[in-house]
Colleague: 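Encoded as structure tokens, here's the structure I'll be asking about.
In this text the structure is predicted, and so the values were computed from the model without any measurement. Sequence lines set the chain letters: A, B, ... in the order given, protein chains first and strands last, and positions in each chain run from 1.
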Amino acid sequence: MEYKFRDIEKKWQTKWIEEQVYKVSNQSAKPKYYVLDMFPYPSGAGLHVGHPLGYIASDIYARFKRLKGFNVLHPMGYDAFGLPAEQYALEHGIHPSVSTEQNIHNFRKQLDNIGFSFDWDREVRTSQPGYYKWTQWIFLQLFNSFFDRRNQRTAKIGSLIKIFENEGNKNYPSPGDTVLRFSEKDWVGFDEKQQQEILMNYRVAYCGYGEVNWCEALGTVLANDEVVNGVSERGGYPVVRKKLRQWYLRITEYADRLIEGLERIDFSEAMKEMQSNWIGKSYGAEIDFRLSPGSSPGPDGLVLKVYTTRPDTIFGSDFLVIAPEHELLQQITSVEQKAAVEGYIAHVKSRSERERIAEKKITGCFTGAFALHPFNQKQIPIWVSEYVLAGYGTGAIMAVPCGDERDFRFAKYFNIPITNIIGKYYNGEEANPTKDAILENSDFLNGMVMRDAIEVVISRLESLGVGSRKINYRMRDAAFSRQRYWGEPFPIVWKDAIAYPLDEKDLPLELPLIENYRPGPEGEGPLANVESWKARKLETNTMPGYAGSSWYFLRYMDPHNDREFCSREASDYWGQVDLYIGGTEHAVGHLLYSRMWTKALHDLGYISHDEPFKKLVNQGMIQGSSRLVYRVDFQGEENIHEKIKNTPLFISYPLIEKASALGSNETIIRKIKDIFHPGLVEFNGITFHPLHVDVNIVNGVELDIGAFKKWKPEYTNAFFILEDDGKYICDVEVEKMSKSKYNTVNPDDLINRYGADTFRMYEMFLGPVEQSKPWDTKGIEGVHRFLKKLWRLFYDEQKGKIWNNDKATDAELKVLHKTIKKIEEDTERFSFNTGVSSFMICVNELYDLKCHKREVLEKLLILLAPYAPHICEELNWHLQTSSETGQTSRERPSILSSTFPKAEEKYLIESLKNYPVAINGKTRTELKIALDATQQQVEEIVLTDLTVKKWLEGKQVKKLIYVSCKMINIVL
RNA sequence: GCGGGUGUGGCGAAAUUGGCAGACGCAUCAGACUUAGGAUCUGAAGCCGCGAGGCAUGGGGGUUCGAGUCCCUCCACCCGCACCA
């Protein structure tokens with residue numbers, strides 16, 4: 001009986017569905033465990049082998065936890081709103097809901113092939129009204145809330161209104177408008193519109209104005225990566241920054257909470273560091289620089305606020321720099337500099353933010369204005385440059401060239417004199433950002449260590465009323481609207497320029513069906529073209545992709561609830577996601593937004609935990625391993641015979657390597673002459689030109705020439721210059737997996753050839769889940785052979801059934817229990833690749849022992865079931881339904897619900913250890929010594945050993961190091 | 001420019017806590033069984049050297065009886081980004 005994986009896998013996949021073995025209940029006496037994969041976007045390209053890597057890892061872990069006695073929630077669904085479907089609709093006129101549906105269907109088929117243990121009854125799709133009703137509902141909660149800084153928590157906006165009525169905003173400064181001050185009397189006197197505008201500056205979800213990449217020619221807003229060199233990627237039309245009304249989430253208010261929460265979750269240090277760098281909390285001061293009277297056309301008394309983290313360097317400030325977008329720029333620019341500044345602004349405007357980041361060249365322009373140093377009233381020139389960003393701090397800096405690299409380069413470039421305040425710490429060649437120097441040229445700070453001077457300067461600024469302590473965050477509020485169609489509509493109605501929320505009972509506000517996906521007038525979303533929508537004064541923006549994905553992990557707990565987004569009972573039971581697996585690309589986007597939403601929902605009393613993900617594992621990227629063939633191009637073509645000119649000629653890669661090592665193409669040319677009739681060949685020289693070839697027609701690096709000829713019609717008559725053994729060898733390059741490079745591999749093909757169990761194990765065998773690595777199909781055979789070998793422990797091709805009920809020997813039990821222990825440890829620490837190796841070692845050893853005993857095999861199958869569920873269920877079924885047990889298939893329990901075996905130490909203990917014996921750190925021999933031997937006994941055994949003696953000849957032993965259980969080292 | 005990651009045989013990798021570098025597999029080679037082999041089994045193999053032995057974890061330096069692992073320094077490649085004052 002042979003291993004018929006196709007039949008076996010089909011059979012069990014069907015049976016598992018019939019028997020609903022993956023159905024999970026919210027009621028259980030068992031402890032809960034929640035395993036989640038990052039929400040996939042169902043793209044039209046389908047799955048390639050890189051996608052399921054994380055899903056397989058999480059599936060193994062979920063099945064493992066189930067065997068360990070947990071009630072495991074392991075759901076899957078789709079982040080179904082998104083730009084690609086809308087783009088596809090624009091190009092092909094197919095409604096996004098139709099193409100999305102189609103893509104999901106294909107996606108599901110591919111997933112099902114792999115044999116995952118998802119509870120599909122809990123599937124969610126963000127684009128379904130039943131789901132986005134609750135996305136809209138949560139948005140309304142955020143809209144109707146503010147962040148109470150005093151208690152560091154989200155609170156209802158109603159309580160803020162009460163506060164305003166009683167005491168104005170003196171204890172609750174507005175995060176959106178820092179200068180806004182009003183009393184309780186003022187508040188009552190404000191009209192509706194004024195009150196609403198004020199509240200908007202407090203709301204967690206609020207409306208404001210923001211700059212976007214606006215492309216007039218396309219009439220649409222572009223993402224940063226759709227803008228290249230200041231023009232649109234598609235079409236090459238000019239792109240400018242344009243202010244548009246946008247929705248935002250006030251995530252900046254949560255900055256401290258988000259930093260604090262990192263201490264309580266199990267993310268990698270790298271991931272935590274990326275998040276806290278992104279949040280970028282910095283301590284510093286805001287300092288007022290008064291404009292020098294008469295130096296600029298602006299009114300007297302104008303003040304330029306700068307933000308600095310190094311107030312101690314204030315006497316080293318040789319110039320100020322303001323952002324090109326800064327609101328004071330126009331006012332302060334002198335008449336003489338006006339034209340130059342305007343020219344510079346025009347230059348900056350044409351550049352995307354991305355380009356400004358990457359720019360290394362120094363640019364800038366003098367404004368003609370001067371400011372007064374707050375302490376010594378020195379005149380300081382004000383410059384404008386794109387390296388200062390309007391969105392951070394105050395949009396202006398005091399430049400200290402001796403201490404800051406960018407300021408230094410700027411000063412050098414524009415010949416601005418540099419003041420040295422740190423003495424010998426500054427060498428005139430480069431800036432030195434030290435805090436340890438003793439200050440010089442710094443007035444009242446002279447002689448002070450820089451790090452101590454920081455506080456001194458801040459107190460002095462505050463006492464003089466020209467500055468204040470200030471904590472800043474690098475993070476900005478999250479833009480929460482898109483001028484697109486395929487997203488959640490905002491439950492907002494505009495009346496008299498005031499945004500009013502829809503009533504909860506009117507949710508969901510359904511996305512209308514449209515046929516024209518073109519943007520609306522003035523860059524609004526396509527909804528602005530819908531008459532009925534406009535008539536109801538509904539918001540025409542839609543929500544961004546991360547809206548639906550910021551809370552989906554809660555919906556899985558209670559997916560069919562139409563009264564709540566998730567019942568408190570369900571969220572209390574399932575709580576945090578215990579294990580979250582996904583890529584690092586979501587490090588600062590999705591993972592921060594979901595953490596913020598969870599905190600808000602927690603503060604408002606809807607859930608009991610305030611961090612969504614307890615543990616995060618990042619899967620590495622699978623890169624493509626491309627195969628290249630080299631086509632020979634002839635030079636001096638006019639002399640070449642027609643026949644040759646039109647015949648594609650390919651040369652095996654090692655031949656090119658050899659030729660280039662020799663620096664001569666002579667051998668190759670001789671071979672070409674051998675192939676074609678010598679009389680037909682007449683050319684000046686040859687060059688080689690690489691072409692991507694489909695990796696699926698290359699076996700390792702050897703091209704399947706027959707398949708290649710069939711691959712494209714123009715290659716039917718191709719000629720090849722081969723290696724001496726008649727093979728065509730390809731070149732290899734590791735690059736991104738993509739259709740255009742012909743290096744994508746579809747899991748369906750591999751499953752068809754080797755089965756899902758082989759595929760699952762091979763993906764894991766490739767290397768650590770966290771690590772990025774190129775995909776190479778060669779090697780999958782080894783894993784397939786392993787499963788066949790496992791099968792042969794049960795069935796022999798000739799003899800049939802060979803497993804028996806004999807009592808296992810100690811040696812056999814040792815193999816088993818060693819494996820139990822190893823698999824348990826490896827699976828627990830997500831080291832699936834070494835887990836697979838351990839299974840191979842176990843089967844090899846049982847094979848050598850000729851062990852076909854049920855007592856051993858039965859437990860091995862349970863261990864292996866999370867990795868290769870189909871073959872284990874099948875073999876287990878054979879074991880359990882045999883005549884010996886008298887059980888029928890009806891009584892047979894699925895192996896998926898077995899209990900993970902316990903590793904028994906008694907089979908593992910050893911009394912002897914084979915010690916490596918090193919002399920001066922180099923291993924020279926091995927000695928078997930009792931584990932409980934004393935230092936003295938060991939010395940005696942070692943020093944009398946013949947091999948050791950040979951090495952010791954004539955030398956004095958200085959020391960003998962003996963580490964029990966590890967090794968022995970003799971120092972001479 | 002900033003931030004994060006990775007460098008070990010021909011290839012994917014292992015070495016969990018500073019203790020036998022290269023487990024397990026692919027490819028390769030030799031052999032067995034076979035009408036046949038792209039099935040299966042047995043064996044060899046890091047590199048240099050006939051050998052004794054020497055050299056090897058991106059390069060250089062250090063700590064240690066002992067370093068892939070710890071410290072310093074340099075290099076290469078990959079990923080992300082909002083020039084963050």
Colleague: More 5' along RNA chain B: D826(A) or T923(A), using each one's nearest nucleotide?
Modeller: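 Of the two residues, D826(A) wins.
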
Colleague: Side chains of E763(A) and W775(A): does their closest heavy-atom pair fall under 4.5 Å?
Modeller: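 SC-SC contact between E763(A) and W775(A) confirmed.
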
Colleague: Of the nucleotides U16(B), G12(B), C20(B), which one has an atom closest to the side chain of F765(A)?
Modeller: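 The listed nucleotide nearest to F765(A)'s side chain is G12(B).
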
Colleague: Give me, pair by pair, the N or O atoms of the protein and of nucleotides 28-31 of chain B that are less than 3.5 Å apart, along with how far apart they are.
Modeller:
none

Colleague: Rounding to an integer number of angstrom, what distance separates G38(B) and U6(B) when you compare their P atoms?
Modeller: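 One P to the other, the span is 41 Å.
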
Colleague: Atom CZ of F5(A) and atom OH of Y754(A): how far apart are they, to the nearest 0.5 Å?
Modeller: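 Spacing of CZ (F5(A)) from OH (Y754(A)) equals 9.0 Å.
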
Colleague: Indicate, with a heavy-atom threshold strictly under 4.0 Å, whether K958(A) touches base, sugar-phosphate, or nothing.
Modeller: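 Nothing, no heavy atom under 4.0 Å.
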
Colleague: Considering only side-chain heavy atoms of T834(A), which listed nucleotide, A15(B), U16(B), G3(B), is closest?
Modeller: A15(B)

Colleague: What is the distance, rounded to the nearest whole Å, between atom CG of D776(A) and atom C1' of C26(B)?
Modeller: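 D776(A) atom CG is separated from C26(B) atom C1' by 9 Å.
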
Colleague: Choosing from C84(B), A85(B), A13(B), which nucleotide comes nearest the side chain of T308(A)?
Modeller: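 When the side chain of T308(A) is considered, A85(B) is the closest of C84(B), A85(B), A13(B).
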
Colleague: Keeping R469(A) on the side-chain end and G284(A) on the backbone end, is there a donor-acceptor pair under 3.5 Å?
Modeller: no

Colleague: Need one value for W791(A): base, sugar-phosphate or nothing, where a base atom within 4.0 Å counts as base even if backbone is also close, heavy atoms only.
Modeller: nothing

Colleague: To the nearest Å, how far apart are I622(A) CD1 and C78(B) P?
Modeller: 18 Å

Colleague: Does either side chain, that of Y283(A) or that of T309(A), offer a donor lying less than 3.5 Å from an acceptor on the other one?
Modeller: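 There is no such pair between these side chains.
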
Colleague: Name all residues meeting the side-chain hydrogen bond (donor to acceptor under 3.5 Å, both in side chains) criterion together with K822(A); count only those two or more places apart in sequence or in a different chain, and write none if there are none.
Modeller: D826(A)

Colleague: U16(B) C1' sits how many Å from F832(A) CZ, rounded?
Modeller: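 Taking atom C1' of U16(B) as the reference, CZ of F832(A) is at 15 Å.
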
Colleague: Of the nucleotides C84(B), A13(B), C24(B), which one has an atom closest to the side chain of S837(A)?
Modeller: C24(B)

Colleague: Can you tell which of A15(B), G5(B), C84(B) lies closest to the side chain of L389(A)?
Modeller: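 Of the options given, the side chain of L389(A) lies nearest C84(B).
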
Colleague: Quick one: the dot-bracket string of RNA chain B, using Watson-Crick and G-U wobble pairs with both distances under 3.5 Å, [ ] for crossing pairs and | for bases paired to another strand.
Modeller: (((((((..(((......[....))).(((((.......))))).(((....)))..(((((..]....))))))))))))....

Colleague: Taking atom C1' in both C50(B) and U42(B), what distance in whole Å separates the two?
Modeller: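 Taking atom C1' in both C50(B) and U42(B), they lie 28 Å apart.
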
Colleague: Testing the basics here: between A285(A) and P311(A), what is the closest heavy-atom pair and its distance to 0.1 Å?
Modeller: CB-CG, 4.2 Å

Colleague: If we ignore angles and hydrogens, is there a donor and acceptor under 3.5 Å between the side chains of D407(A) and Y387(A)?
Modeller: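 The answer is yes; a qualifying pair exists.
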
Colleague: Classify the nucleic acid contact of S282(A) as base, sugar-phosphate or nothing, counting any heavy atom under 4.0 Å across all strands shown.
Modeller: sugar-phosphate

Colleague: Measuring only between side-chain heavy atoms, which start at C-beta, is T827(A) closer than 4.5 Å to Y867(A)?
Modeller: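 SC-SC contact between T827(A) and Y867(A) confirmed.
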
Colleague: Please report the distance, rounded to the nearest Å, between CE in M475(A) and P in A82(B).
Modeller: 15 Å

Colleague: Contact class for E781(A) (heavy atom, under 4.0 Å): base, sugar-phosphate, or nothing?
Modeller: nothing

Colleague: Could I get a table of every N or O pair under 3.5 Å where one atom is in the protein and the other is in nucleotides 40-45 of chain B?
Modeller:
residue: U40(B); atom: O3'; partner: R792(A); partner atom: NH2; Å: 3.2
residue: C41(B); atom: OP1; partner: R792(A); partner atom: NH2; Å: 2.6

Colleague: Determine the interatomic distance between P on G60(B) and the same-named atom on G68(B); round to the nearest Å.
Modeller: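 That atom pair is separated by 13 Å.
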
Colleague: Determine the Euclidean distance between corresponding P atoms of G3(B) and G18(B); express it in Å to zero decimal places.
Modeller: 27 Å

Colleague: Sequence neighbours left out, what pairs pass salt bridge (Lys or Arg N to Asp or Glu O under 4.0 Å) with at least one residue falling in residues 387-404 of chain A?
Modeller: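 Non-adjacent pairs meeting salt bridge (Lys or Arg N to Asp or Glu O under 4.0 Å): D404(A)-R406(A).
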
Colleague: When the P atoms of A27(B) and A39(B) are compared, how many Å lie between them, rounded to an integer?
Modeller: 9 Å

Colleague: When we call it a touch if two heavy atoms are under 4.0 Å apart, what does K822(A) touch: a base, just sugar-phosphate, or nothing?
Modeller: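 Counting heavy atoms under 4.0 Å across all strands, the contact made by K822(A) includes a base.
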
Colleague: Ignoring the backbone of M274(A), work out which of A82(B), C24(B), G4(B) is nearest its side chain.
Modeller: G4(B)

Colleague: Among G3(B), C81(B), G19(B), which nucleotide sits nearest the side chain of E273(A)?
Modeller: G3(B)

Colleague: Indicate yes or no: at least one non-hydrogen side-chain atom of V321(A) is less than 4.5 angstrom from one of V384(A).
Modeller: no

Colleague: Can you give one letter per nucleotide of nucleotides 61-76 of chain B, 5' to 3': B if a protein heavy atom sits under 4.0 Å from the base, S if only from the sugar-phosphate, - if neither?
Modeller: ----BS----------

Colleague: What is the glycosidic conformation of G49(B): syn, defined as within 90° of 0, or anti?
Modeller: anti

Colleague: Centre of F289(A)'s six-membered ring, under 6.0 Å away, within 45 degrees of the axis: is that where NZ or CZ of K305(A) sits?
Modeller: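 Checked: cation-pi criterion not met.
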
Colleague: Could you say whether T309(A) or R924(A) is positioned toward the 5' end of RNA chain B, judged by the nucleotide with the nearest heavy atom to each?
Modeller: R924(A)

Colleague: Aromatic ring centroids of Y3(A) and Y795(A) under 6.0 Å?
Modeller: no

Colleague: Would you say the side chain of L860(A) lies within less than 4.5 Å of the side chain of L846(A), judging by non-hydrogen atoms?
Modeller: yes

Colleague: Measure up the F832(A) and F830(A) rings against each other and bin them: parallel (under 30°), tilted (30 to 60°), perpendicular (over 60°).
Modeller: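 Answer is perpendicular, since the angle exceeds 60°.
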
Colleague: Using a cut-off of strictly less than 4.0 Å, decide whether N833(A) has a side-chain nitrogen or oxygen near OP1 or OP2 of G25(B).
Modeller: no

Colleague: Quick one: E770(A) CD to G4(B) P, roughly how many Å, whole number?
Modeller: 18 Å

Colleague: Give me the distance, rounded to whole Å, that separates C70(B) from U64(B) when you measure between the C1' atoms they each carry.
Modeller: 10 Å

Colleague: Return the value, rounded to whole Å, for the distance between atom CG of L766(A) and atom P of C26(B).
Modeller: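 After rounding, the gap between these two atoms is 14 Å.
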
Colleague: Which of these nucleotides, C79(B), A82(B), A23(B), is closest to any side-chain atom of I841(A)?
Modeller: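 It is A23(B).
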
Colleague: How would you label the contact of D407(A) with the nucleic acid (heavy atoms, under 4.0 Å): base, sugar-phosphate, or nothing?
Modeller: nothing

Colleague: If we only count heavy atoms from C-beta on, is the S268(A) to N618(A) side-chain gap below 4.5 Å?
Modeller: yes

Colleague: In whole angstrom, give the distance that lies between atom CD of E845(A) and atom C1' of A23(B).
Modeller: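 After rounding, the reported distance stands at 11 Å.
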
Colleague: From the list C26(B), G12(B), A85(B), which nucleotide is the closest neighbour of the side chain of D404(A)?
Modeller: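 Within the option list, the nearest is A85(B).
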
Colleague: Select base, sugar-phosphate, or nothing to describe what N472(A) touches, counting heavy atoms under 4.0 Å on all strands.
Modeller: nothing

Colleague: Just by distance, with hydrogens left out, do E926(A) and N914(A) show a side-chain donor and acceptor under 3.5 Å apart?
Modeller: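 Per modelled atom types, E926(A) and N914(A) side chains form a pair under 3.5 Å.
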
Colleague: So Y307(A) and N472(A), do their side chains get closer than 4.5 Å, heavy atoms only?
Modeller: yes

Colleague: Could you measure the distance from the CD1 atom of I397(A) to the CZ atom of F410(A)? Nearest 0.5 Å is fine.
Modeller: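 CZ of F410(A) is found 8.5 Å from CD1 of I397(A).
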
Colleague: Of the options A13(B), G3(B), G4(B), whose atoms approach the side-chain atoms of Q771(A) most closely?
Modeller: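 Given the options A13(B), G3(B), G4(B), the side chain of Q771(A) is closest to A13(B).
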
Colleague: Output the rounded distance in Å from CE (M761(A)) to P (C26(B)).
Modeller: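 The distance from CE of M761(A) to P of C26(B) comes to 14 Å, rounded to the nearest Å.
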
Colleague: Scan P768(A) against the nucleic acid and name what it touches under 4.0 Å (heavy atoms): base, sugar-phosphate only, or nothing.
Modeller: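 Result for P768(A) = sugar-phosphate.
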
